[in-house]
Colleague: 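Mind looking over this structure? Questions follow.
All values reported here derive from a predicted model rather than from experimental measurement. A note on names: the letters A, B, ... follow the listed sequences, proteins ahead of strands, and every chain is numbered from 1. Only heavy atoms go into these numbers, but all of them, side chains included; no hydrogens, no water, no symmetry mates.
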2 protein chains.
Amino acid sequence: MNAGRKTSFAGKSRGGAGVPVRGDRRAAGVRLGVLEGWIGFHLRMAQGASFRAFAGCSGRRQLKPGRFAALLLIKHNPGITQSALGRAMARDKSSVTPLLQDLQRLGYVTREQSQSDRRNVHLTLTPAGRQALGVLLAHAKRHERRLEEIVGRRKTLLIGLLREIADMGM
Amino acid sequence: MNAGRKTSFAGKSRGGAGVPVRGDRRAAGVRLGVLEGWIGFHLRMAQGASFRAFAGCSGRRQLKPGRFAALLLIKHNPGITQSALGRAMARDKSSVTPLLQDLQRLGYVTREQSQSDRRNVHLTLTPAGRQALGVLLAHAKRHERRLEEIVGRRKTLLIGLLREIADMGM
DNA sequence: TATTGTTATACTCTATAACTATA
DNA sequence: TATAGTTATAGAGTATAACAATA
């Protein structure tokens, strides 16, 4: 059906008289419709772009943002338990376990059973972990600087909003 | 080593004299350190929360945000090609293919080979797709309303910032 | 040569459920 | 009973590379 399709979309009509359109690379004149005004959608897109840019910054085979955040949280909260770490990152404990096994295998963290409550495992950075984190921080700061260039003085406001959204499920 | 560990973190000291602390559920007094001021981190957390809330809204076994966005984009751009859809969603074409096979299997979209350029496949919603989208929109609007309640009049500003970030890799 | 779309494949992230041990 | 952590497992989402058809 609709054999002689002319496509309401994909014709050569975009950009008027064949003029290349700036901003062509992604949207290519695609209409977003209701998505245009949807926070959830733009959140997804922005996070994806930030993630890809971070991966690019840290030169391929580096640690992913998740590992990186975990290292940083352990650094700032030495002795934190796995569960507390999971809560801080909003991840289930079963997601935290393999992550830490990884970091331990790399020699970046130590895990010690608590004496007062032997169910707990306390996490601390090793010297190697500290050093690796230092290198990673250089990459991450570069990435963060790019983001800051984009948002400028609206950074505080943006972070405030993002934190409020992050707390929505609580 | 460090046998008699007292843990600089996990003590009972938080909240002063045993007073329950508001906001305890996630951070539980965890220090974020540099992460505190990092846009990338808060972006990740906010997106995660939004994603989980969306999943909750759409009653478990519903369509995920990705499928939903694809349906919406097809609706607003009838005849769009797979590649263009991929660009609009910032996804590789090889990620788009299975997504559309899924939507076609559900009977929500049709795929027609273009006549003018037989490499292209044009996408359109079926009546069933339209109807399903209507139902989904109800859920999604509920979710979006929650987000709007959080950000209030700062919505336009937030979306503007997110779009700029989403364009960072371009 | 370049582009559209498909396939095969592999990797990451995540959660659920069932389990152990501890409390 | 409730919590901390592990394991097994499954599912979603994504990308890379090689490929066929087409331009």
Colleague: Here's a test of your reading of the structure: between A/Q82 and A/R44, which maps to the more 5' nucleotide of DNA chain D?
Modeller: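 Its nucleotide being nearer the 5' end, the pick is A/Q82.
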Colleague: Write down the distance between CG (B/N120) and P (D/dA23), rounded to a whole number of angstrom.
Modeller: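 Atom-to-atom, B/N120 to D/dA23, this comes out as 9 Å.
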Colleague: Under the 3.5 angstrom rule, does the side chain of A/K155 hit a backbone N or O of B/G37 as a donor-acceptor pair?
Modeller: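 Yes, A/K155 side chain to B/G37 backbone: donor-acceptor pair under 3.5 Å.
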Colleague: When you get a sec, tell me which of C/dT4, C/dA18, C/dA15 is the closest nucleotide to the side chain of B/K93?
Modeller: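 From the listed options, C/dT4 comes nearest.
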Colleague: Between B/F68 and A/W38, what is the ring plane arrangement, given parallel below 30°, perpendicular above 60°, and tilted in between?
Modeller: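 The arrangement is parallel - the two ring planes meet at less than 30°.
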Colleague: By nearest atom, which of the nucleotides C/dT16, D/dA18, C/dA23 is closest to the A/R118 side chain?
Modeller: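 Among the listed nucleotides, the one closest to the side chain of A/R118 is C/dA23.
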Colleague: Roughly, in whole Å, what's the span from CZ in B/R52 to P in D/dA12?
Modeller: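 Value for this atom pair: 18 Å.
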Colleague: Please give, in whole Å, the distance from D/dA15 C1' to A/F54 CZ?
Modeller: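 Answer to the nearest Å: 18 Å.
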Colleague: Starting the side chain at C-beta, find the nucleotide from C/dT4, D/dG5, C/dA23 nearest to A/R119.
Modeller: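 Of C/dT4, D/dG5, C/dA23, C/dA23 is nearest to the side chain of A/R119.
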Colleague: Rounded to the nearest Å, what distance is computed from the CG atom of residue B/D102 to the P atom of nucleotide D/dT14?
Modeller: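 In whole Å, D/dT14 P lies 13 Å from B/D102 CG.
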Colleague: Determine: side-chain N/O of A/R111 to OP1/OP2 of D/dG5, distance under 4.0 Å, yes or no.
Modeller: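 For A/R111, the contact criterion (side-chain N or O under 4.0 Å from OP1 or OP2 of D/dG5) is not met.
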Colleague: Is B/S83 near enough to C/dG5 that one of its side-chain N or O atoms lies under 4.0 angstrom from OP1 or OP2?
Modeller: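 Yes, such a contact exists.
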Colleague: Look at the side chain of A/T81 and the backbone N and O of A/N120, then say whether any donor-acceptor pair between them is shorter than 3.5 Å.
Modeller: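 The answer is no, because no donor-acceptor pair under 3.5 Å joins these two groups.
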Colleague: For A/G66 and B/P98, take the nucleotide of DNA chain C holding the closest heavy atom to each; which residue's nucleotide lies nearer the 5' end?
Modeller: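 Going by which nucleotide is closer to the 5' end, it is B/P98.
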Colleague: Using a 4.0 Å heavy-atom cut-off across all strands, classify B/S95 as base, sugar-phosphate, or nothing.
Modeller: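 B/S95: base contact, heavy atoms under 4.0 Å.
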Colleague: Looking only at atom types and distance, does a side-chain atom of A/Q47 sit under 3.5 Å from a main-chain N or O of B/L43, one as donor and one as acceptor?
Modeller: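 Not at all, since once roles are kept as given, no pair shorter than 3.5 Å links the two residues.
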Colleague: Is B/S94 close enough to D/dT14 that one of its side-chain N or O atoms is under 4.0 Å from OP1 or OP2 there?
Modeller: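 The answer is no; no side-chain N or O of B/S94 sits under 4.0 Å from OP1 or OP2.
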Colleague: Any ion pair linking A/R163 and B/E36 (charged N to carboxylate O, less than 4.0 Å)?
Modeller: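 Answer for the salt bridge query: yes.
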Colleague: If you only use heavy atoms from C-beta on, which nucleotide in D/dT7, D/dA23, C/dT7 is closest to the side chain of B/Q101?
Modeller: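 Nucleotide nearest to B/Q101's side chain: C/dT7.
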Colleague: Rounded to whole Å, please give me the gap between NE2 in B/H122 and P in C/dT4.
Modeller: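 Spelled out: NE2 on B/H122 to P on C/dT4 is 12 Å.
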Colleague: Using whole Å, report how far CG of B/L85 lies from C1' of C/dG5.
Modeller: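 Distance check: B/L85 CG to C/dG5 C1' gives 13 Å.
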Colleague: How many whole angstroms separate atom CG of A/L100 from atom C1' of C/dT12?
Modeller: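 That distance rounds to 16 Å.
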Colleague: Using whole Å, report how far CD of B/Q115 lies from P of C/dT4.
Modeller: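 Whole-Å distance recorded here is 19 Å.
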Colleague: How is B/D92 classified with respect to the nucleic acid when contacts are heavy atoms under 4.0 Å: base, sugar-phosphate, or nothing?
Modeller: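 Touches a base.
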